[in-house]
Amino acid sequence: FHGIFENDSLNNFWLARMANELNLAEMYDRALEEANKSLALRDQYWLSHYVIAENFVLRGMFSEALSPAEIANRLAPRNHRVAGLFAGVLKRTGDSARAESLLSELRRSAPIGMCFYFLVSGDTSSAQEWFLKAVEYREPFAIMYARSPLTRALRLSPGWSAIEHAMKLPPTEITGNLPFSGTWTE
C-alpha cells in the first residue's frame, strides 16, 4: 500500500482499504487511524464507516460500532455485508426489531450478510450454515473472510472442517482468543 500512497496520498479508497487490511492483521488502533484519515477526506464514504464499525465489533465494542454501522448502511443500502454487520450490531445493542427488519431481504438473497449478522450477534452455529451457503453460491467475500478475525469463531467451531472442505482449503490451526464474545451453539 505504501507505494500507492507515494503517488496519491489523498486517495480515499486506498486509505479505507489499508484500514481494512489493518483490521485483518488485528492492528486495530492503526486501522482506526487510517479509516479516520479517509473520513477526513470524504466523510460520506461508506467503506470507511464500515471498516470503523467492523473494527469496533472485533473489539467487542458494539455500542461504539452502532453509529458507523448505521452510516455505512445508509450510504450503501444494497451492500449485504454492511447490512448483516449493522443488523448484528443492532441485536447486540438491544434493538432486535430494527435488526429483524434488515434481515428479511438478507434471508432471500444474501448468505454472506446473514453470516455476518449471526457472527456479530453471537450465534456461530447459524453463521456456519450461512457461510456454507455463501460458499455454495460462490460468494466472493467468503474467501476474503475465511481467515478474517471476524470469522475466528467459525474456525474454532466443530463445523469448520465442512466449510474448509467445501472451499478446498487446507486445515486451519487457530490460536489466540475470539475477537469478541462470539461463541458457537450446537
Undergrad: Could you measure the distance from the CG atom of L119 to the CZ atom of R152? Nearest 0.5 Å is fine.
TA: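 With rounding to 0.5 Å, CG (L119) is 12.0 Å from CZ (R152).
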
Undergrad: So which pairs with a foot in residues 60-72 pass side-chain hydrogen bond (donor to acceptor under 3.5 Å, both in side chains), sequence neighbours left out?
TA: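 Checked against side-chain hydrogen bond (donor to acceptor under 3.5 Å, both in side chains) - neighbours excluded - the pairs reaching residues 60-72 are E70-R98.
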
Undergrad: I'd like to know whether V135 forms a side-chain contact (heavy atoms from CB on, under 4.5 Å) with E139, so could you lay out the CA-CA distance, the side-chain angles of the two residues, the decisive distance to 0.1 Å, and finally the verdict.
TA: CA-CA 6 Å; V135 171; E139 164 65 57; over 6 Å; no

Undergrad: Taking all non-hydrogen atoms of both residues, which atom of W130 and which atom of C115 are closest, and how far apart?
TA: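 So the minimum-distance heavy-atom pair works out to CB-N, 3.6 Å.
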
Undergrad: Which value, rounded to the nearest 0.5 Å, describes the distance between I163 atom CD1 and E136 atom CD?
TA: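 Spacing of CD1 (I163) from CD (E136) equals 10.0 Å.
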
Undergrad: Within this structure, what is the CG-OG distance for the pair D95 and S101, rounded to the nearest 0.5 Å?
TA: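 Reported to 0.5 Å precision, the distance equals 8.0 Å.
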
Undergrad: From S148 OG over to L58 CG, what is the distance, rounded to the nearest 0.5 angstrom?
TA: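 Answer for the OG-CG pair, S148 versus L58, is 6.5 Å.
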
Undergrad: Between A35 and V51, what is the shortest heavy-atom contact and its length?
TA: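 Heavy-atom minimum between the residues: CB-CG1, 4.3 Å.
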
Undergrad: Any non-hydrogen side-chain atom of L32 less than 4.5 Å from a side-chain atom of D29?
TA: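 Heavy-atom side-chain distance check fails, nothing below 4.5 Å.
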
Undergrad: May I ask whether V57 and Y50 are part of the same hydrophobic cluster, defined by side-chain heavy atoms of I, L, V, M, F, W, Y residues being less than 4.5 angstrom apart, directly or through others?
TA: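 The answer is yes; both residues are in one hydrophobic cluster.
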
Undergrad: Judged by atom type as modelled, is there a donor-acceptor pair below 3.5 Å linking the side chain of N55 to the main-chain atoms of A31?
TA: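 The answer is no, because no donor-acceptor pair under 3.5 Å joins these two groups.
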
Undergrad: Cluster question for you: counting only ILVMFWY and a side-chain heavy-atom cut-off of under 4.5 Å, with indirect links fine, are F116 and L103 together?
TA: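 Different hydrophobic clusters.
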
Undergrad: Are L47 and V89 linked, directly or through other ILVMFWY residues, by side chains that come within less than 4.5 angstrom of each other?
TA: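 Same cluster.
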
Undergrad: Strictly by salt bridge (Lys or Arg N to Asp or Glu O under 4.0 Å), give each pair with a member in residues 36-50 just once, sequence neighbours left out.
TA: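 Residue pairs with at least one partner in residues 36-50: E34-K37.
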
Undergrad: Return the minimal non-hydrogen interatomic distance between A69 and A53, and the atom names on each side.
TA: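 Nearest pair, atom of A69 first, then A53: N-CB, 3.6 Å.
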
Undergrad: Check the hydrophobic clustering (I, L, V, M, F, W, Y; side-chain heavy atoms under 4.5 Å; chains of links allowed) and say if M167 and I112 are grouped together.
TA: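 M167 clusters together with I112.
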
Undergrad: Minimum heavy-atom separation for F56 and P68, please, with both atom names.
TA: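 Shortest heavy-atom contact: CD1-CG, 4.3 Å.
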
Undergrad: If only atom types and distance count, is the side chain of R108 paired as donor or acceptor with the main-chain N or O of S104 below 3.5 Å?
TA: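 Yes, R108 side chain to S104 backbone: donor-acceptor pair under 3.5 Å.
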
Undergrad: Under 3.5 Å, sequence neighbours excluded: what are the donor-acceptor pairs made by side chains of residues 72-85?
TA:
| residue | atom | partner | partner atom | Å |
| --- | --- | --- | --- | --- |
| N79 | OD1 | R81 | N | 3.0 |
| N79 | OD1 | V82 | N | 3.1 |
| R81 | NH1 | Y145 | OH | 3.3 |

Undergrad: Apply side-chain contact (heavy atoms from CB on, under 4.5 Å) to V120 and F62, showing your working.
TA: CA-CA 9 Å; V120 174; F62 301 105; 4.0 Å; yes

Undergrad: Any chance you could measure M144, atom CE, to T151, atom OG1, to the nearest 0.5 Å?
TA: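 The CE atom of M144 sits 11.5 Å away from the OG1 atom of T151.
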
Undergrad: Report the distance from atom OG of S157 to atom CD of Q128, rounding to the nearest 0.5 Å.
TA: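 Answer for the OG-CD pair, S157 versus Q128, is 3.5 Å.
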
Undergrad: Relative to the ring of Y45, is the ring of F13 parallel (under 30°), tilted (30 to 60°) or perpendicular (over 60°)?
TA: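 Perpendicular: the ring planes of F13 and Y45 meet at over 60°.
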
Undergrad: Any idea which heavy atoms bring A166 and L132 closest together, and the distance?
TA: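 Distance-wise, the nearest heavy atoms are CB-CD1, 3.7 Å.
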
Undergrad: For the pair S38 (side chain) and L15 (backbone), establish whether a donor and an acceptor sit closer than 3.5 Å, ignoring hydrogens and angles.
TA: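 Side chain of S38 to backbone of L15: no pair is present.
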
Undergrad: Run the side-chain contact (heavy atoms from CB on, under 4.5 Å) test on M18 and E33 for me, step by step, so that the C-alpha distance in whole Å, both residues' side-chain angles and the decisive distance to 0.1 Å come before the verdict.
TA: CA-CA 10 Å; M18 179 182 222; E33 288 174 25; over 6 Å; no

Undergrad: Which atoms form the tightest heavy-atom contact between A134 and P111, and what is the distance?
TA: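 Closest approach of A134 to P111: N-CB, 3.6 Å.
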
Undergrad: Please check this pair: side chain of R155 against backbone of S161, looking for a donor-acceptor N/O pair closer than 3.5 Å.
TA: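 Between the backbone of S161 and the side chain of R155 there is no qualifying donor-acceptor contact (under 3.5 Å).
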
Undergrad: Hey, are R107 and E100 close enough for a salt bridge, meaning a charged N less than 4.0 Å from a carboxylate O?
TA: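 Looking at E100 together with R107, the answer is yes, because their closest N to O distance falls below 4.0 Å.
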
Undergrad: Output, in order, the C-alpha distance, side-chain angles, deciding distance and verdict of side-chain contact (heavy atoms from CB on, under 4.5 Å) for I143 and L169.
TA: CA-CA 10 Å; I143 195 68; L169 292 173; 4.1 Å; yes

Undergrad: Hey, does E129 have a side-chain heavy atom less than 4.5 Å from the side chain of F118?
TA: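 When only atoms from C-beta onward are counted, E129 and F118 do not touch, as no gap falls below 4.5 Å.
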
Undergrad: Are L24 and M61 grouped together when hydrophobic residues (ILVMFWY) are joined by side-chain heavy atoms under 4.5 angstrom apart?
TA: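 Different clusters: L24 never reaches M61 through Ile, Leu, Val, Met, Phe, Trp or Tyr contacts under 4.5 Å.
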
Undergrad: Under a 4.0 Å threshold between the charged nitrogen and the carboxylate oxygen, would R59 count as salt-bridged to E26?
TA: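 Result for this pair is no, no salt bridge flagged.
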
